[in-house]
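Notes for the one structure printed next.
Positions are given from 1, in the same order as the sequence printed here. Just so you know, ligand 1 is whichever comes first in the structure, and atom 1 is the first atom listed for that ligand.
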Amino acid sequence: MTKLLDGRPPAERIRAAIAAEAHARAARGAPLGLAIVRGGGDRAVLSYSRLVARLCEQVEIRAAFVELAPDASVASLSEQISALNRDASVHGILVTLPLPPPLTVRDVAGVLAPEKDVDGIHPVSAGRLLLGEETFLPATAAAVLELLRAYEVPLQGKHAVVIGRSNIAGKPAALLLLGEHATVTICHTRTVALPAITRQADILVVAAGQPELVRRDWVKPGAVVVDVGTNWVHGRQVGDVCFAEVEAVAAALTPVPGGVGPLTNMLLLRNVVQAAARQ
Ligand code: NAD
């Protein structure tokens, strides 16, 4: 029977550690602060930013929304982010994506202070990750590794296959697995004969954004499968892995929801604690 890689217990341990640190700082009059920059009225952005603010409140991190005008220019975005860079009460800056067009993540990266880049989107953060140096990791990718560590999944020498090459999930997850001495294959939309590759995986990480893409015959019996996907299908959240089929073959599998997701949010907040420690 497959083992459930439940993200909630490790997320709760991290939450408790963050809460203790944040409380200690608040008690000495130096609370942790996170600025959440948002704009454009995208529904997913609104609900995600509200969720992050609520989690911050629960652990005594001061979250403040910074609203971008619907017609915000690169110059006004730069001005707002520069002000946050200078504000000593703001330890981390989260820019929720997508931004109102034509603004892109590149416009943010050009101005955001790397020491406040708690979402790991700055080229300096990405470069440090590539070099294997300590940095702010994109929380989603960090959550994949945190989950594998929490359940003591051996990585060294294992074949890890990652589906997805986005800058926030697939690519950084692949680099982190490489850092743990796994042999890593990255797959994407142009990969030929994908199931033949995934069937070779000891560890399969799926971050494709395609509901139930991975079927039973894509998975080697005894593999560990981490499903990053969060897709809404007929009002129900489903992953990128067909849970009902894959649980019959995988040694361990993440539920969706309740796997990678809870850890992702906590690791973002842990980056705020780490940012404050470094400032
Ligand atoms: P993205 O769209 O930016 O990237 C998807 C990647 O998957 C691309 O590199 C693409 O080449 C690849 N891909 C897509 N369809 C494929 C297919 N049929 N075969 C092979 N490769 C394919 O998405 P993202 O931002 O990396 O997010 C991926 C998924 O993870 C989404 O479902 C998203 O909602 C979810 N997500 C979850 C969390 C969490 O905390 N659980 C956080 C962020 C994103």
Side-chain angles (χ1 to χ4, degrees), residues 4-8 10-11 14-15 42-52 54-55 94-99 104-106 118-121 126 129 136-148 150 160-177 184-201 204-215 217-219 225-233 235-243 246 253-271:
L4 261 197
L5 301 177
D6 186 345
R8 286 163 295 195
I14 295 169
R15 196 200 66 79
D42 182 281
R43 270 180 61 195
V45 163
L46 285 177
S47 67
Y48 173 61
S49 57
R50 277 194 219 110
L51 170 70
V52 172
R54 203 166 54 241
L55 293 172
L94 169 67
V95 182
T96 51
L97 302 171
L99 290 165
T104 68
V105 66
R106 286 201 189 149
V118 289
D119 213 17
I121 61 168
L129 170 59
F136 294 118
L137 299 172
T140 310
V144 170
L145 262 286
E146 196 74 37
L147 196 60
L148 293 170
V161 173
V162 179
I163 306 181
R165 56 172 166 180
S166 74
N167 290 334
I168 64 149
K171 230 186 274 176
L175 286 168
L176 290 170
L177 287 161
V184 182
T185 302
I186 305 176
C187 303
H188 46 79
T189 40
R190 315 270 173 96
T191 298
V192 176
L194 183 56
I197 298 172
T198 59
R199 270 197 296 274
Q200 297 171 33
L204 178 60
V205 176
V206 193
Q210 300 294 323
E212 302 189 328
L213 173 73
V214 173
R215 316 302 300 201
D217 62 349
W218 291 37
V219 177
V225 180
V226 179
D227 187 353
V228 179
T230 50
N231 313 286
W232 288 96
V233 179
R236 193 171 66 93
Q237 202 180 351
V238 297
D240 290 351
V241 174
C242 179
F243 190 95
V246 171
L253 173 61
T254 47
V256 175
V260 175
L263 270 166
T264 302
N265 299 325
M266 280 308 141
L267 293 179
L268 170 70
L269 300 195
R270 191 167 74 182
N271 280 349

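Separation of atoms CG (Leu175) and CG (Leu145) is listed at 10.5 Å; rounding is to 0.5 Å. To the nearest 0.5 angstrom, Arg106 atom CZ is 12.5 Å from Ile121 atom CD1. Between atom CG of residue Leu176 and atom CG of residue Leu129 there is a gap of 5.5 Å, rounded to the nearest 0.5 Å. Atom CG of Leu46 is separated from atom OG1 of Thr96 by 8.0 Å, given to the nearest 0.5 angstrom. Considering CG of Asn231 and CD of Glu212, their distance stands at 8.5 Å, rounded to 0.5 Å. Note that OG1 of Thr140 is 7.5 Å distant from CG of Asp119, once rounded to the nearest 0.5 Å.
Atoms of ligand 1 lying under 4.0 Å from any heavy atom of Gly261, numbered from 1 in the order shown and given with element: 40 (O), 41 (N). For ligand 1, the atoms sitting less than 4.0 Å from at least one non-hydrogen atom of Arg165 are 6 (C), 8 (C), 9 (O), numbered in the order shown with element in parentheses. The distance from ligand 1 to the heavy atoms of Gly209 drops below 4.0 Å at these ligand atoms: 28 (C), 29 (C), 31 (C), 32 (O). Set against the non-hydrogen atoms of Ala207, the atoms of ligand 1 under 4.0 Å away are 5 (C), 6 (C), 7 (O), 28 (C). Every atom of ligand 1 with a heavy atom of Gly164 under 4.0 Å away is listed here by number and element: 6 (C), 7 (O), 9 (O), 12 (C). Close approach of ligand 1 to Ala169 (heavy-atom distance below 4.0 Å) involves ligand atoms 26 (O). For ligand 1, the atoms sitting less than 4.0 Å from at least one non-hydrogen atom of Leu194 are 19 (N), 20 (C), numbered in the order shown with element in parentheses. For ligand 1, the atoms sitting less than 4.0 Å from at least one non-hydrogen atom of Asn231 are 32 (O), numbered in the order shown with element in parentheses.
Residue nearest to atom 10 (C) of ligand 1, selected from Thr189, Ile163, Leu267: Thr189 (by heavy-atom distance). Here the shortest heavy-atom distance to atom 30 (O) of ligand 1, taken over Asp240, Val260, Val228, Leu263, belongs to Val228.
Regarding atom 14 (C) of ligand 1, its nearest protein heavy-atom neighbour is Ala208 O, 3.3 Å. When hydrogens are left out, the protein atom nearest atom 26 (O) of ligand 1 is Ser166 OG, 2.5 Å; that is the closest non-hydrogen contact. Nearest non-hydrogen protein atom to atom 21 (N) of ligand 1 is His188 C, 3.1 Å. Atom 15 (N) of ligand 1 has Gln210 CG, 3.3 Å as its closest protein atom, hydrogens excluded (heavy atom only). With respect to atom 39 (C) of ligand 1, the closest heavy atom belonging to the protein is Thr264 OG1, 3.8 Å. The single protein non-hydrogen atom nearest to atom 18 (N) of ligand 1 is Leu213 CD1, 3.7 Å, given as residue, atom name and distance.
For atom 2 (O) of ligand 1, the nearest protein heavy atom lies 4.0 Å or farther away. For atom 34 (O) of ligand 1, the protein comes within 4.0 Å by at least one heavy atom.
Listed for the Thr185 side chain is no donor-acceptor partner under 3.5 Å among the backbone atoms of Val161. Between the Thr191 side chain and the Leu194 main chain, no donor and acceptor come within less than 3.5 Å of each other.
Nearest heavy atoms, Pro211 versus Gly209: CD-O, 3.9 Å. Of all heavy-atom pairs between Trp218 and Leu213, the closest is CZ2-O, 3.6 Å.
Legend: residues meeting salt bridge (charged side-chain N to carboxylate O under 4.0 Å, His left out) with Asp6, ordered by chain and number and at least two apart, are Arg8.
For Ile168, every heavy-atom contact with ligand 1 shorter than 4.0 Å involves the side chain, none the backbone. By the criterion of a heavy-atom distance under 4.0 Å, the side chain of Thr140, and not its backbone, is placed next to ligand 1.
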Side-chain polar contacts of residues 256-271 - donor-acceptor pairs under 3.5 angstrom, sequence neighbours left out - could you list them?
| residue | atom | partner | partner atom | Å |
| --- | --- | --- | --- | --- |
| Thr264 | OG1 | Val260 | O | 3.0 |
| Arg270 | NH2 | Glu146 | OE1 | 3.1 |
| Asn271 | ND2 | Val118 | O | 2.8 |
| Asn271 | ND2 | Leu137 | O | 3.2 |

